[in-house]
Every structure is written in C-alpha cells, then in structure tokens.
Amino acid sequence: MFERFFPDRYVASTYVIDFEKLYEQGFRGLIFDIDNTLVPHGAPADERAIRLFQRLKEIGFRCCLISNNQEPRVKMFNERIQVDYVYNAHKPSTKNYYRAMEIMGTDATNTVFIGDQLFTDVWGAKRAGIPSILVKPIHPREEIQIVLKRRLEWIVLRSYEKSRGKEKKVEKSRDLL
C-alpha cells in the first residue's frame, strides 16, 4: 500500500553515503534537496557541505539542487558550492526532476536523488524513475506543514522497515540454499 513512497535506500545522513561506490556503479548525476538534507532548514552551505560538493566534483559527478524554495534561498545556499540548481520545483511534480537531469546531461539510469522527505522528495523521484536515497532530517526545527507530514511519514517508514526486514530474511534463506 505504501510502496509508492518507499526509498531505494534509507541512511542516517547525506554525509555517510558512499559516493565513490555510486560512481563505480555507473551513476554520474546527483540531485539533492537542500533543507534538512544538506544543512538545517534555511542555513547557508556550511564547511561540511562545501567539502562534500568539492569531493563530488573531484569524483566526477554532475550535481543539481532541486528545491521547493524560492530562488533567493537556493541561490544563497549555492553561493559557496557552485552547482546547477532548480528552485520553486513543485516537488513531487516530476517536471523539474527531468529538468535537473537535462541540465546535468544524465538520465534516470545514471542519476540518484537524495532528500529527507518521503512525500515530496522520494515520491517525486520515484515517479520520475530515479533511484532515491532518503536521509534522516539534519535538524528537528521545521515548518509546521513539514512537521505534520513527518507524522504520516513515520507510518510509511515503519511499513518500509518491516518490508526490509522480510527481504533480509528471504536473502538469508537463499544464502542457505
């Protein structure tokens, strides 16, 4: 029932993702949400984010930020990291996921989306055919509409975690054969 909202992976933080491994697997484009994915809501790019994007560029990735925020917010965050961006994206609409891939010169087979919300970030990526990595929000302070969505996300994430537990049991049983 909730599978349409399930991410391909769920990790503690953007900063623990093995980007070198993603590159080895053939991924060349990374689309990122900003708020609570890379920095706390409304914050500028911090040293950790700046180092991450320097590293991603050195690895060979094309990167694009996609945000439902207006341009001043996205532009302010991007000042120190200097990647492509799409603002006022209307996620989960797929239009700007496709636009981000077009900007990067990638497609759904070699692009990954990284974000912190199921009902906007992950669902939009899934609808666009892009693999997604859900990260835990960086900071608990959020706008009221997001706080309300988080309560519903909790239900979906419980279902996701239960389904992943079943998959692991299946994998273990196959290992025994």
Exercise for review: Would you indicate whether Y10, at its atom OH, is surrounded by more than 12 heavy atoms from other residues, nucleotides or ligands within a distance under 6.0 Å?
Suggested key: yes
Practice item. List the steps and the verdict of side chain to side chain contact (heavy atoms under 4.5 Å, CB included) for Q54 and L56. Key: CA-CA 6 Å; Q54 287 171 341; L56 296 174; over 6 Å; no
Exercise for review: Give a yes or no on whether the backbone of H90 and the side-chain of N68 come within a donor-acceptor separation of less than 3.5 Å.
Suggested key: yes
Point to revise | F53 ring center near F32 ring center (under 6.0 Å) | key: yes
Practice item. Check the hydrophobic clustering (I, L, V, M, F, W, Y; side-chain heavy atoms under 4.5 Å; chains of links allowed) and say if L134 and I130 are grouped together. Key: no
Practice item. Tell me whether L38 is reachable from Y97 by hopping between hydrophobic residues (I, L, V, M, F, W, Y) whose side-chain heavy atoms are closer than 4.5 Å. Key: no
Check your understanding: Under a single-linkage definition using a 4.5 Å side-chain heavy-atom cutoff for Ile, Leu, Val, Met, Phe, Trp and Tyr, are M104 and F113 assigned to the same hydrophobic cluster?
Key -> yes
Exercise for review: Kindly indicate, with the supporting measurements, whether the criterion side chain to side chain contact (heavy atoms under 4.5 Å, CB included) is fulfilled by E71 and Y85.
Suggested key: CA-CA 9 Å; E71 187 174 23; Y85 64 85; 3.0 Å; yes
Practice item. Indicate if L65 and L52 have the same hydrophobic cluster label, given that clusters are the connected sets of ILVMFWY residues with side-chain heavy-atom separations under 4.5 angstrom. Key: yes
Review point. Can you tell me how far the CZ atom of R127 sits from the OG1 atom of T94, to the nearest 0.5 Å?
Key: 5.5 Å
Exercise for review: Evaluate the side chain to side chain contact (heavy atoms under 4.5 Å, CB included) criterion for residues C64 and V86: first the C-alpha distance (whole Å), next the side-chain angles of each, then the deciding distance (0.1 Å), finally the verdict.
Suggested key: CA-CA 7 Å; C64 189; V86 177; 4.1 Å; yes
Revision key, fill the gap. Here the gap from I34 atom CD1 to N78 atom CG, rounded to the nearest 0.5 Å, amounts to 7.5 Å
Point to revise | Non-hydrogen side-chain atoms of D121 and K91 separated by less than 4.5 Å | key: yes
Point to revise | Residue of the set R99, K57, R62 for which salt bridge (Lys or Arg N to Asp or Glu O under 4.0 Å) holds with D84 | key: R62
Review point. Step by step, would you call D8 with I133 a side chain to side chain contact (heavy atoms under 4.5 Å, CB included)?
Key: CA-CA 6 Å; D8 293 290; I133 300 174; over 6 Å; no
Check your understanding: Does Y23 have R28 sitting over its ring (NZ/CZ under 6.0 Å from centre, angle to axis within 45°)?
Key -> yes
Point to revise | I31 reachable from Y15 in the ILVMFWY side-chain graph, under 4.5 Å edges | key: no
Check your understanding: Who pairs with R55 by side chain to side chain donor-acceptor pair (under 3.5 Å), at least two apart in sequence or on another chain?
Key -> E20
Check your understanding: Tell me, do V122 and F6 make a side-chain contact under 4.5 Å, heavy atoms counted?
Key -> no
Review point. For atom CD of E102, is the number of surrounding heavy atoms from other residues, nucleotides or ligands below 6.0 Å larger than 12?
Key: no
